[in-house]
2 protein chains.
Amino acid sequence: MSDLDDIRDRLRAAILRGTYAPRQRLIETELAEEYRASRFLVRNALIQLASDGLVELQPNRGARVREISVPEAVEITEIRQAVEGLVARRAAELITDEEIAELQAIGEGLAEAVSQGELLRYSDLNATLHSRIRDIAQHATATRIIEQLNAQLVRHQFQLSLLPGRPAVSLPEHLAIIDAVCSHDADGAERAMRTHVGGVAGTISTLDPQGRPVDQEPAW
Amino acid sequence: MSDLDDIRDRLRAAILRGTYAPRQRLIETELAEEYRASRFLVRNALIQLASDGLVELQPNRGARVREISVPEAVEITEIRQAVEGLVARRAAELITDEEIAELQAIGEGLAEAVSQGELLRYSDLNATLHSRIRDIAQHATATRIIEQLNAQLVRHQFQLSLLPGRPAVSLPEHLAIIDAVCSHDADGAERAMRTHVGGVAGTISTLDPQGRPVDQEPAW
DNA sequence: GTTCGCAAGATCGTTGACAATCCTGGTGAC
DNA sequence: GTCACCAGGATTGTCAACGATCTTGCGAAC
């Protein structure tokens with residue numbers, strides 16, 4: 001439980017939370033003061049976050065929050081499509097009765113959230129669903145890679161479920177995934193997951209034709 | 001071009017080359033002396049290699065070369081199957097006439113190497129083929145992930161092409177991939193690649209039922 | 001008015017030393 | 001003979017200071 005891990009996690013959380021804007025410079029001395037840590041610790045934390053792909057590290061020029069362009073987000077989502085497809089297949093093969101009940105409960109929650117317009121709850125349950133499916137699939141390598149990729153595009157994903165009409169499209173897709181996984185239909189589960197994540201990729205690619213991220217001032 | 005990158009790359013190369021055995025402890029002061037670098041640089045290099053999955057980092061207990069078990073190698077190969085399938089599809093869509101000629105030349109080289117029993121040349125051309133297909137697909141994220149995964153199982157892969165009878169199985173698979181990619185057959189390319197890498201996964205899983213890596217003393 | 005060069009400030013890169021932690025081997029009690 | 005305990009050494013974790021590099025703003029030459 002070293003301080004290094006601590007500050008790295010806090011910094012990561014701050015970046016994911018949007019405390020620092022993309023392309024914003026992360027100055028070691030400032031961060032050191034902010035987190036009451038030595039510059040040394042900040043520095044090592046930045047190195048770690050850089051190999052996670054969250055910050056960009058230029059020699060002698062410091063660190064900045066890495067900006068994920070829309071094309072890059074699409075690429076990332078394409079990989080997710082392939083890997084999550086594999087995960088869904090495995091989940092369908094391995095799921096237990098107990099877990100089936102759990103997934104179905106999540107499905108009901110999703111439908112409820114959409115019908116009542118609770119977008120944030122929908123977004124949360126969405127993340128929970130994908131995460132639980134990964135747990136069920138018991139594929140450590142896939143889980144690691146998906147989480148690594150997800151961390152890089154939280155910002156894009158976040159905006160996704162707030163798009164008007166988006167839940168109406170993705171809800172049936174989610175339910176189809178749940179159905180297939182719960183009925184031990186490996187082929188169907190892979191297909192449903194690929195369709196779903198493929199849709200996400202498509203939606204992301206329409207966000208901004210210029211290839212630049214949607215740059216509205218964050219309200220938080 | 002900082003020294004940090006330099007020593008990290010040299011350390012990585014050394015691990016991949018087998019200079020340090022799996023599970024071997026990597027002591028910071030020793031490495032620092034060996035590479036004529038400060039302990040600080042070594043330390044940060046180790047942190048980066050840890051997030052690449054090449055070394056294992058335990059707090060207060062130092063670093064050791066990560067050992068990839070056979071089940072883990074299978075997992076990694078399963079991911080490769082999914083991602084390289086995607087890459088092959090993209091390559092089939094994007095390939096130019098010039099690149100078609102190049103791939104076909106590689107195919108002839110592979111056949112020749114097998115017929116003349118040149119296992120090492122076959123193994124090299126194999127790596128070249130996969131690498132060139134990645135180049136053609138122009139998918140930076142996929143390339144990054146595949147290379148990250150490959151780095152983790154060089155040892156297993158290395159032994160694979162030396163297995164008796166293995167080239168006889170994998171040569172036609174490789175030729176099928178080349179055919180499909182060169183004829184702009186996206187579906188076929190994905191299918192052929194998935195079949196091929198799936199075969200690799202299957203072969204790896206037979207290496208040692210105990211789930212421990214094959215532990216023969218390296219001859220180098 | 002523009003461009004180039006230079007100097008000052010800001011920031012990163014590296015070092016060596018010290019503190020904290022863990023592992024090892026030996027000693028003694030039971 | 002076995003176990004708990006406790007040095008002492010080995011190794012990692014952290015720090016503050018110094019040196020290297022880059023950026024910025026000013027001024028002079030054209």
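Note on naming: letters A, B, ... go to the chains in the order of the sequence lines (proteins, then strands), and numbering restarts at 1 for each one.
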> Tabulate atom names and distances for all N/O pairs under 3.5 angstrom spanning the protein and nucleotides 15-19 of chain C.
{"from": "C/dT15", "atom 1": "OP2", "to": "B/S38", "atom 2": "OG", "distance (Å)": "2.5"}

> Working note: A/T29 + A/R39, criterion side chain to side chain donor-acceptor pair (under 3.5 Å); need CA distance, chi angles, decisive distance, verdict.
CA-CA 6 Å; A/T29 50; A/R39 199 162 72 80; over 6 Å; no
> Whole angstrom is fine here: how far is it from OH in B/Y35 over to P in C/dT14?
18 Å
> In whole angstrom, give the distance that lies between atom CZ of A/R36 and atom P of D/dT14.
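About 18 Å, once rounded to whole Å.
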> Just call it for A/L26: base, sugar-phosphate, or nothing, with non-hydrogen atoms closer than 4.0 Å on any strand.
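Answer is sugar-phosphate: A/L26 comes under 4.0 Å of backbone atoms only.
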> Listed by chain and number, what are the ring-ring contact (aromatic ring centres under 6.0 Å, His included) partners of A/H196, not counting sequence neighbours?
A/H130, A/H174
> In terms of side-chain geometry, is the basic nitrogen of A/D135 or A/R132 positioned less than 4.0 Å from the acidic oxygen of its partner?
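The answer is yes: the pair qualifies as a salt bridge.
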> For B/L31 and D/dA10, give me the distance from atom CG to atom P, rounded to whole Å.
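Going from CG in B/L31 over to P in D/dA10 covers 17 Å.
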> Does B/V87 reach the side chain of B/I136, with side-chain heavy atoms less than 4.5 Å apart?
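No, their side chains stay 4.5 Å or more apart.
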> Are side-chain heavy atoms of B/D97 and B/E102 found at a separation under 4.5 Å?
no
> Any side-chain heavy atom of A/S38 within less than 4.5 Å of one from A/L41?
yes
> Whole angstroms only, please: what is the CD-C1' distance between A/Q58 and D/dT23?
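These atoms are roughly 13 Å apart.
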> Without decimals, in angstroms, what is the distance between B/I27 CD1 and C/dT24 P?
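It works out to 11 Å between those atoms.
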> Would you indicate whether A/E34, at its atom CD, is surrounded by more than 12 heavy atoms from other residues, nucleotides or ligands within a distance under 6.0 Å?
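Counting other residues, nucleotides and ligands, CD of A/E34 exceeds 12 neighbours.
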> Would A/E78 and B/H139 count as a side chain to side chain donor-acceptor pair (under 3.5 Å) here? Give the steps.
CA-CA 10 Å; A/E78 285 171 350; B/H139 199 296; 2.7 Å; yes
> Round to a whole Å and report the spacing from CG of B/N44 to C1' of D/dT12.
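It works out to 14 Å between those atoms.
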> To the nearest Å, how far apart are B/R64 CZ and D/dT12 P?
11 Å
> Is the count of non-hydrogen atoms from other residues, nucleotides or ligands lying under 6.0 Å from B/E33 atom CD greater than 12?
no
> Between C1' on D/dA16 and CD on A/E28, what's the gap in Å once rounded to a whole number?
14 Å
> Would you say D/dG13 has OP1 or OP2 under 4.0 Å from some side-chain N or O of B/R43?
yes
> Would you tabulate the pairs of protein nitrogen or oxygen atoms and nucleotide nitrogen or oxygen atoms of nucleotides 21-23 of chain C closer than 3.5 angstrom?
{"from": "C/dT21", "atom 1": "O3'", "to": "B/N60", "atom 2": "ND2", "distance (Å)": "3.3"}
{"from": "C/dC23", "atom 1": "OP1", "to": "B/R61", "atom 2": "NE", "distance (Å)": "3.0"}
{"from": "C/dC23", "atom 1": "OP1", "to": "B/R61", "atom 2": "NH1", "distance (Å)": "2.6"}

